[in-house]
Amino acid sequence: MWDKILFFKSVSDYPFAEYADHVMHILCTAGNMSFTFQDVRYNVVPRDYVILPNPSLASDFSESEDLEAVIMCLSEPFVTSMSIRSNYGIIGHLSLLVNPVMRLSPHDYRICMEDLLRIRERLAEDGHWFREEMMGYLLLAHILDLYDIHAKSRTGHNLSERNGDLLRRFIELLYHKEYIKDRSLSHYASKLCITPHYLTEVCKKASGKPATYWIDRFTTHEIARLLRQKEIPLKDVADRMNFSSLSYFSRYVQKQMGMPPSEYRNRAVD
């Protein structure tokens with residue numbers, strides 16, 4: 001099976017376990033749906049375009065009976081292999097980790113719908129001798145349309161090749177759960193062979209947020225995931241996250257999540 005680009009009619013049909021490493025795109029055309037992404041609940045209506053760079057960060061999907069959507073998932077290595085010259089992708093990636101939902105104008109909705117339907121139509125032509133190259137160019141055109149839509153909604157999106165590569169490596173460390181080993185800014189700066197100040201400035205320029213924001217965001221998401229598993233004692237959660245003591249862990253959760261871990265767990269269970 002050629003699984004570099006896949007389409008689904010419903011989120012409930014999406015095999016999250018099998019394609020957790022794919023990028024998920026959802027264009028809502030009718031009805032509505034909702035989901036939780038890093039402990040924030042999002043409601044999606046027609047003309048909303050959702051991009052989940054890491055579907056495992058999303059949960060609790062629900063769909064209305066009349067939901068209609070175009071759902072596409074993309075192999076990350078396939079997208080990377082297209083070697084897009086612009087470094088805007090990392091800026092968009094960070095932005096999507098803050099808010100994965102883009103509200104499209106009628107014009108942008110039409111453009112995205114045409115892109116997706118064209119990709120889906122040509123994907124069915126499995127006898128095409130140059131299928132992979134053809135699909136790559138069609139997908140590239142759509143990604144550049146998305147870059148254009150997103151870039152027009154913000155300013156200051158220039159990023160050098162060096163800084164784009166630096167941010168990619170920084171986010172990669174977080175995806176590989178480096179925050180369990182160490183959550184200090186100096187640790188990541190050392191890993192990337194730069195100063196903490198430089199890492200902070202690059203993150204601010206790309207996303208408007210300092211590097212510590214992203215370290216804490218990934219950390220709290222993992223803590224929240226563990227706290228929702230009520231069979232795991234709080235002490236074990238603290239140990240798994242490499243906190244020196246339960247009291248230190250509780251103070252961290254209180255500061256980052258606005259409540260003690262026990263209260264968050266009770267609310268999550270309810």
### D13/K9 ion pair, N-O < 4.0 Å
no
### Query
For F218, which residues count as a ring-ring contact (aromatic ring centres under 6.0 Å, His included) partner, sequence neighbours excluded?
Y175
### Task
Just jot down the salt bridge (Lys or Arg N to Asp or Glu O under 4.0 Å) partners of K204, sequence neighbours excluded, or say none.
none
### Query
Does a donor on one side chain sit under 3.5 Å from an acceptor on the other, for Y252 and R183?
no
### Query
For Y188, what residues pass the ring-ring contact (aromatic ring centres under 6.0 Å, His included) criterion, not counting sequence neighbours?
F170
### Query
Can I111 be reached from L138 by stepping across I, L, V, M, F, W or Y side chains whose heavy atoms are under 4.5 Å apart?
no
### Message
How close do A189 and P196 get, counting heavy atoms only, and between which atoms?
### Response
CB-N, 3.5 Å
### Query
Under 3.5 Å, is there a donor-acceptor pair between the side chain of R118 and the main chain of E114?
no
#### Entry: Listed partners of R131 passing side-chain contact (heavy atoms from CB on, under 4.5 Å), at least two apart
W2, L123, D126, H128, M135
### Query
Between S184 and I215, what is the shortest heavy-atom contact and its length?
O-CD1, 4.4 Å
### Hydrophobic cluster identity match, V40 and V45, side-chain contacts under 4.5 Å
no
### Side-chain donor-acceptor pair present, D48, Y109, cut-off under 3.5 Å
no
#### Entry: L139 and I5, any side-chain heavy atoms less than 4.5 Å apart
yes
### Message
Please report the interatomic distance NE2(H187) to CG(L192), rounded to the nearest 0.5 Å.
### Response
9.0 Å
### Heavy-atom pair of closest approach, residues S105 and R47
C-NE, 3.8 Å
### Query
What is the minimum heavy-atom distance between V253 and P260, and which atoms define it?
CG1-C, 4.1 Å
### Task
Identify, with sequence neighbours excluded, every residue that meets ring-ring contact (aromatic ring centres under 6.0 Å, His included) alongside H142.
Y49
### Message
Any side-chain to backbone donor/acceptor pair from S64 onto N32? Under 3.5 Å, distance only.
### Response
yes
#### Entry: R265 side-chain N/O to Q229 backbone N/O, donor-acceptor pair under 3.5 Å
yes
### Query
Between R225 and E222, is the closest basic N to carboxylate O distance under 4.0 Å?
yes
### Shortest non-hydrogen separation from G31 to D66 and the atoms involved
CA-OD1, 3.5 Å
### Query
Minimum heavy-atom separation for S59 to R41, with atom names?
O-NH1, 4.0 Å
### Neighbour count >12 (heavy atoms, 6.0 Å) for atom CD, E65
no
### V11 side chain near F35 side chain, heavy-atom distance below 4.5 Å
no
### Message
Less than 3.5 Å apart, any donor N or O on the side chain of E63 or S10 sitting next to an acceptor on the other?
### Response
yes
Please tabulate, for side-chain N and O atoms in residues 238-246, each donor-acceptor pair with protein atoms closer than 3.5 Å (sequence neighbours left out).
{"residue": "D239", "atom": "OD1", "partner": "K235", "partner atom": "NZ", "Å": "3.0"}
{"residue": "D239", "atom": "OD2", "partner": "K235", "partner atom": "NZ", "Å": "3.1"}
{"residue": "N242", "atom": "ND2", "partner": "I180", "partner atom": "O", "Å": "3.3"}
{"residue": "N242", "atom": "ND2", "partner": "K181", "partner atom": "O", "Å": "3.2"}
{"residue": "S245", "atom": "OG", "partner": "S247", "partner atom": "OG", "Å": "3.1"}
{"residue": "S245", "atom": "OG", "partner": "Y248", "partner atom": "N", "Å": "3.1"}

#### Entry: Sub-6.0 Å ring centroid separation between F16 and F61
yes
### Task
Determine whether M134 and L140 fall in the same hydrophobic cluster, where Ile, Leu, Val, Met, Phe, Trp and Tyr are linked whenever their side-chain heavy atoms lie under 4.5 Å apart.
yes
